> 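My questions all concern the structure below.
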Amino acid sequence: MEGPSIVILAEEAKKFVGKCVMQSTGSTKLVDVTSFRGRTLTRIRTWGKHFLLCFDKDVIKIHFLMFGSYRIDEDKPGAPPRLCLRFPNGRISFYSCSIRMLDKSATQTYDWRVDLMSRAWDEQHVLQAVAHENNTELCDLLLDQNIFAGAGNIIKNEVLFRLGLHPERTLKSLAASSRQLLVGEMRRYSKQFYRWKKKYVLRKHWQMYGKKLCPNCGTKVVLKKTGKLDRRSFFCPICQPLRTGTGVSKSRR
DNA sequence: ATAAATGTTAAGAA
DNA sequence: CTTCTTAACATTTA
């Protein structure tokens, strides 16, 4: 689950803010499930892929990893929730996810300037952070949660295709103007992802992720695990060349 | 049926 | 000390 999906969850769960937990159940052993009963949910926040349920002095942090899911006011068949919070106006359940408690002070260490979905997202700050990553391949850079919080493998692949960038290019091969385009597109596409996902039309807008043929030129899409993160990259070898330019030596002055 | 995948963390190894 | 590797987590889809 990528950042935009977490923002949609936060909107759906908003109706529980200000409500008191009537009953708390679940199979997680990483938090004391029984301790939430009688406490009021004061706020819901998100940072990247982190979903934060805030109480007066501490916070439940939920991360959905690869397979996590949730349900509101219904049960998921065949799976006991890791955590289910029941409020006077409904309930929310979380499945196969990581659940941790944070002290409230820990949320102050989150930097919302790098959160792709945040109002506080700061292009200049992100460009500065990117500037330290000259030797990093783009496929790894775009998944770095300290720089692009909320970006996942779908966003990575789609953005690289839209800009005609090969996933194994290093940042230093990009001119300053291209870097700025890249950072801006990460933000723009994340917002687009959110709008499409809300309308249940996200998947049909994928141009490269999971595709067989390039929508531009019809060339067979390459699927390769790339980078230190060894994650799947889908790319068109024609539209996303590894080497830039037309053969003119880059070292020419 | 088996494998691989919208992901992260911690522990141990090098 | 840093960087890399592996395991753990555990569900859905192809």
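Worth saying up front: this structure is predicted, and the values here are computed from it rather than measured. Only this structure's heavy atoms are used, side chains among them; waters, hydrogens and symmetry mates stay out. Proteins get letters first, then strands, A, B, ... in listed order; numbering begins at 1 in each.
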> Within the 4.0 Å heavy-atom criterion, would you say Lys76(A) contacts the bases, only the backbone, or no part of the nucleic acid?
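Sugar-phosphate: the residue Lys76(A), judged by heavy atoms under 4.0 Å, touches backbone atoms but no base.
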
> When the P atoms of dA4(B) and dA7(C) are considered, how many whole Å apart are they?
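Between the two P atoms, the distance is 15 Å.
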
> Taking NZ, NE, NH1 and NH2 as the nitrogens, is one of them in Lys197(A) or Glu2(A) under 4.0 Å from a carboxylate oxygen of the other?
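Salt bridge: no.
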
> In whole Å, measure the gap between the C1' atoms of dT2(B) and dA10(C) for me.
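Roughly 16 Å separates the two C1' atoms.
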
> Given atom CG of Leu65(A) and atom P of dT11(C), what is their separation to the nearest angstrom?
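Atom-to-atom, Leu65(A) to dT11(C), this comes out as 12 Å.
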
> Please state how far atom NE2 in His63(A) lies from atom C1' in dA8(C), giving the value in whole angstrom units.
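Roughly 15 Å, once rounded to whole Å.
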
> Just compare dT8(B), dT6(B), dT11(C) and give me whichever is closest to any side-chain atom of Gln145(A).
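So the side chain of Gln145(A) is nearest to dT8(B).
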
> Among the nucleotides dT9(B), dT11(C), dT6(B), which one has an atom lying closest to any side-chain atom of Ile154(A)?
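Of all the options, the side chain of Ile154(A) is nearest to dT6(B).
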
> Quick one, Phe161(A) and Phe235(A) - any side-chain contact, counting heavy atoms below 4.5 Å?
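Phe161(A) vs Phe235(A): side chains apart.
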
> Below 4.5 Å, heavy atoms only, C-beta onward: do Ile154(A) and Phe193(A) meet side chain to side chain?
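Yes, close enough: below the 4.5 Å cut-off.
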
> Output yes when Asp144(A) and Lys156(A) qualify as a salt bridge under the 4.0 Å nitrogen-oxygen rule, no when they do not.
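No, no charged N to carboxylate O under 4.0 Å.
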
> Just name whichever nucleotide pairs with dT6(B), Watson-Crick or G-U, keeping both distances under 3.5 Å, else none.
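dT6(B) is paired with nothing.
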
> Residues from residues 3-11 of chain A sitting under 4.0 Å of DNA chain B, heavy atoms only?
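None - not one residue of the stretch has a heavy atom sitting under 4.0 Å from the strand.
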
> Measure the distance from CZ on Arg71(A) to P on dT11(C) and round it to the nearest whole Å.
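Rounded to the whole Å, the gap is 12 Å.
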
> Quick one: does NZ or CZ of Lys19(A) land under 6.0 Å from the six-membered ring centre of Phe87(A), within 45 degrees of the ring axis?
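Relative to the ring axis of Phe87(A), which defines the angle, Lys19(A) lies outside at least one limit.
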
> May I have the distance from His205(A) (atom NE2) to dT6(B) (atom P), rounded to whole angstrom?
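After rounding, the reported distance stands at 20 Å.
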
> Do we see a donor-acceptor contact under 3.5 Å between the side chains of Tyr209(A) and Arg232(A)?
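Looking only at side-chain atoms, Arg232(A) and Tyr209(A) do form a donor-acceptor pair, the distance falling under 3.5 Å.
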
> Figure out the CZ/C1' separation between Phe67(A) and dT13(C), and round it to whole Å.
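Spelled out: CZ on Phe67(A) to C1' on dT13(C) is 11 Å.
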
> Between Ser69(A) and Lys228(A), who's closer to the 5' end of DNA chain C by nearest nucleotide?
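Of the two residues, Lys228(A) wins.
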
> Any side-chain heavy-atom pair from Ser96(A) and Leu65(A) closer than 4.5 angstrom?
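Not in contact.
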
> Can you tell me the distance, in whole Å, between the CZ atom of Phe64(A) and the C1' atom of dA10(C)?
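These atoms are roughly 15 Å apart.
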
> Starting at the 5' end of DNA chain B and moving along, which residue's nearest nucleotide shows up first, Arg100(A) or Met1(A)?
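It is Met1(A) whose nearest nucleotide is closer to the 5' end.
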
> Would you indicate what Lys225(A) reaches in the nucleic acid, counting non-hydrogen atoms under 4.0 angstrom: base, sugar-phosphate, or nothing?
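It contacts sugar-phosphate atoms only.
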
> Which whole-number value in Å describes the distance from Glu2(A) CD to dA5(B) P?
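Rounding to the nearest Å, CD of Glu2(A) and P of dA5(B) are 15 Å apart.
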
> Using only side-chain N and O atoms of Arg232(A), determine if any of them is under 4.0 Å from OP1 or OP2 of dA4(B).
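Negative; the distance criterion is not met.
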
> Nearest 0.5 Å, what's the CZ-CZ distance between Phe94(A) and Phe51(A)?
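So the gap between those two atoms works out to 4.5 Å.
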
> Tell me: CG of Leu143(A) to C1' of dT9(B), nearest whole Å?
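After rounding, the reported distance stands at 16 Å.
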
> What's the closest nucleotide to the Arg82(A) side chain, out of dT8(B), dA10(C), dA5(B)?
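Selected nucleotide: dA10(C).
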
